[in-house]
Amino acid sequence: MSFPATLENSFWEIHIPLTQEVKYSILGISVTLLFVALCILIWQIYRYCMQQPAPKQDVNGLLSNEQSTQNENLQSNSPTPDYKLESRQDEAERLSRCLSRSSDLASSMDSLGEPDEERIQGTLRFSLFYDQLQSRLVVTVLEARGLAARDFSRSADPFVCLRLLWAAREGDEQRLSCVLQEWQTRLVKDSCNPVFADQFSCTLAEEDVPRVTVRMEVRDFDKYSRHGILGEVRAPLNSLNIIYPLEILEDLQPPKKDAVGEVLLSLKYMPTSQRLEVGILKIRTVFRSSKTERALYARTSVLCNQCKIRHQRTTEKVRWDVTVFNEVLIFVLPDTQIRECSITVSVYEMRPGKKSSKHLIGQVILGKGKTIEDEHWKLMMRSLRQPVAKWHLLYL
């Protein structure tokens, strides 16, 4: 492409009108920036030459000589690559434990929150009294002695959780219980010999006294995880004379779960669509009539490697002796997860007019590694695409 001669000459003759002062200022700034860049370059070269290369060591040697490596790290002023390798190895071990097969973790899930029987120690002192004139039961938690301490702190933060369990008729095939009242003492920090002196009372008909058991569970408070269980004491009122205040000192025993109801579950797995259908059909509980209307709902959670990956809940239904739901909850699970997961069905009661209206009634766990529940799971895996229904006990 060619331009006219006059236009080409005028293009090369263009000059920017700048004074001599501005030109010298720009030149000075450019020289200054060049000088700064050269200084930075010289400083980096000096640091690189003065830095001594760290000797290479074998990772296996580091792991085998862990104690000597820690001493060297403590003596050095600057961090070395040895410390990074050690921390990565520890992190890999933790991840491998967390990502282990769920079949190995099934037994640990069963005992989650349950204490080691060797750590059950100590006594609990309490008093019981039934006031026949006012038809009131008075329970006073006095103190605990010789509780097991945590390994890292050599102490405990104990409190006592109380439940009044009302048993159904002895003629039932499976004796179920109902929680009449729940209380909790104050927290005593940093003490293995706490003094509570907390008193609780409730209205209780005299004919119901022989069917009531006072269950007192000593727990260790944990702000960041599940509370530890230090042991429990049970006091069946049918074997005690409590028309006068009766003070009792009992040794702590390993805790046991109580059957509080039954749930009729239906399981069906569709391998083609990788769909698990959990049917909540009926829930049977020991129900005592009350002035306020209460509702039930069931929450179903799917756990894999101790991690909750799915959860759904049913609609709320008015609570009766046998509450009918007939609802199906659908979970999409791959074949690898369906063979290594477990299902937890938790039944809650809604109590209107209370701050914490949600109240756990009981729960059941199905899946690999269980005993009775595992039979239902095996039937589901044998009868693909067909619903299999079975009754399960709810425990609390």
Side-chain angles (χ1 to χ4, degrees), residues 113 161-169 172-184 202-205 208 211-213 215 217 226 256-268 276-303 308 310-331 342-367 370 372-373 376-377 380 387-396:
C161 180
L162 298 90
R163 287 192 180 101
L164 293 187
L165 301 176
W166 184 82
R169 296 183 301 273
D172 293 348
E173 182 179 352
Q174 176 67 41
R175 189 171 185 181
L176 303 178
S177 301
C178 173
V179 180
L180 297 180
Q181 291 285 340
E182 283 190 82
W183 301 302
Q184 184 175 305
C202 68
T203 302
L204 184 65
D208 290 333
R211 300 168 66 177
V212 170
T213 299
R215 174 181 170 183
E217 193 174 77
R226 300 184 65 176
K256 299 179 181 179
K257 294 184 178 181
D258 298 283
V260 295
E262 293 179 298
V263 56
L264 180 60
L265 297 178
S266 172
L267 299 178
K268 183 173 71 172
L276 173 66
E277 298 181 1
V278 181
I280 311 296
L281 305 181
K282 297 179 182 180
I283 296 178
R284 174 176 174 261
T285 56
V286 180
F287 177 67
R288 299 192 67 191
S289 60
S290 60
K291 296 180 181 179
T292 58
E293 186 177 88
R294 300 182 180 183
L296 289 182
Y297 75 90
R299 178 187 175 94
T300 304
S301 304
V302 178
L303 294 89
K308 187 183 296 183
R310 306 278 193 281
H311 66 86
Q312 293 187 44
R313 54 168 289 180
T314 64
T315 58
E316 297 178 7
K317 302 287 185 179
V318 179
R319 182 176 180 179
W320 301 101
D321 290 336
V322 178
T323 308
V324 180
F325 286 87
N326 287 334
E327 296 187 23
V328 178
L329 308 178
I330 300 175
F331 300 91
S342 62
I343 295 177
T344 302
V345 179
S346 304
V347 180
Y348 292 91
E349 180 188 57
M350 301 296 293
R351 297 181 178 180
K354 289 192 175 183
K355 294 182 180 179
S356 57
S357 58
K358 187 174 71 172
H359 174 72
L360 178 64
I361 297 295
Q363 62 180 194
V364 60
I365 302 178
L366 300 90
K370 306 299 171 185
I372 300 177
E373 289 79 11
H376 194 184
W377 195 264
M380 179 196 70
V388 181
K390 188 177 180 180
W391 284 96
H392 295 274
L393 288 174
L394 294 172
Y395 292 98
L396 181 63

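For the single chain, residues carry numbers from 1 onward in sequence order.
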K.L.:
Taking CH2 in Trp320 as the centre, count heavy atoms belonging to other residues, nucleotides or ligands within less than 6.0 Å. Is the count above 12?
P.N.:
no

K.L.:
So how far is it from Arg310 CZ to Leu303 CG, rounded to the nearest 0.5 Å?
P.N.:
12.0 Å

K.L.:
Just how far is it from atom OG of Ser301 to atom NZ of Lys308, taken to the nearest 0.5 Å?
P.N.:
4.0 Å

K.L.:
Using modelled atom types and a 3.5 Å cut-off, is there a donor and acceptor pairing between side-chain atoms of His392 and backbone atoms of Ile365?
P.N.:
no

K.L.:
Only counting residues at least two apart or in another chain, list the ones meeting side chain to side chain contact (heavy atoms under 4.5 Å, CB included) with Gln181.
P.N.:
Leu164, Trp183, Cys202

K.L.:
Which pair of heavy atoms, one from Gly362 and one from Val260, lies closest together, and at what distance?
P.N.:
CA-CG2, 4.0 Å

K.L.:
Output, in order, the C-alpha distance, side-chain angles, deciding distance and verdict of side-chain contact (heavy atoms from CB on, under 4.5 Å) for Glu349 and Leu360.
P.N.:
CA-CA 6 Å; Glu349 180 188 57; Leu360 178 64; over 6 Å; no

K.L.:
ring-ring contact (aromatic ring centres under 6.0 Å, His included) with Trp166: which residues, sequence neighbours excluded?
P.N.:
none

K.L.:
By side chain to side chain donor-acceptor pair (under 3.5 Å), which residues pair with Glu182, not counting sequence neighbours?
P.N.:
Arg163, His359

K.L.:
The criterion is side chain to side chain contact (heavy atoms under 4.5 Å, CB included); which residues satisfy it with Lys317, sequence neighbours excluded?
P.N.:
Thr315, Thr323, Phe325, Glu327

K.L.:
Could you go through the side-chain contact (heavy atoms from CB on, under 4.5 Å) check for Thr314 and Leu329 one step at a time?
P.N.:
CA-CA 8 Å; Thr314 64; Leu329 308 178; 4.3 Å; yes

K.L.:
Gln363: which residues meet the side chain to side chain donor-acceptor pair (under 3.5 Å) condition with it, sequence neighbours left out?
P.N.:
Ser346

K.L.:
Hey, what do you get for CG (Leu396) to CG (Leu165), rounding to the nearest 0.5 Å?
P.N.:
8.0 Å

K.L.:
Whether Lys358 engages the ring of Tyr348 as a cation-pi pair (distance to the six-membered ring centre under 6.0 angstrom, angle to the ring normal within 45°) should be assessed.
P.N.:
yes

K.L.:
If every non-hydrogen atom of His376 is compared with every non-hydrogen atom of Leu265, which pair is closest and at what distance?
P.N.:
CE1-O, 3.4 Å

K.L.:
To the nearest 0.5 Å, what is the distance between NE2 (His311) and CZ (Phe331)?
P.N.:
9.0 Å

K.L.:
Please walk me through it: do Asp258 and Arg215 pass side-chain contact (heavy atoms from CB on, under 4.5 Å)?
P.N.:
CA-CA 10 Å; Asp258 298 283; Arg215 174 181 170 183; 2.6 Å; yes

K.L.:
Rounded to the nearest 0.5 Å, how far apart are CE of Met380 and CG of Leu366?
P.N.:
9.0 Å

K.L.:
Determine, stepwise, if the pair Leu267 / Val278 fulfils side-chain contact (heavy atoms from CB on, under 4.5 Å).
P.N.:
CA-CA 5 Å; Leu267 299 178; Val278 181; 4.0 Å; yes

K.L.:
Would you find a donor on one side and an acceptor on the other, under 3.5 Å apart, between the side chain of Thr300 and the backbone of Val345?
P.N.:
no

K.L.:
What distance separates Ile283 CD1 from Leu394 CG, expressed to the nearest 0.5 Å?
P.N.:
6.5 Å

K.L.:
Partners of Glu316 by side chain to side chain contact (heavy atoms under 4.5 Å, CB included), sequence neighbours excluded?
P.N.:
Ala295, Tyr297, Arg313, Met350

K.L.:
Would you say the side chain of Ile361 lies within less than 4.5 Å of the side chain of Thr285, judging by non-hydrogen atoms?
P.N.:
yes

K.L.:
Ignoring hydrogens and angles, tell me if any N or O in the side chain of Arg319 forms a donor-acceptor pair with the backbone of Arg294 under 3.5 Å.
P.N.:
no

K.L.:
Is any side-chain heavy atom of Val364 less than 4.5 Å from a side-chain heavy atom of Val347?
P.N.:
no

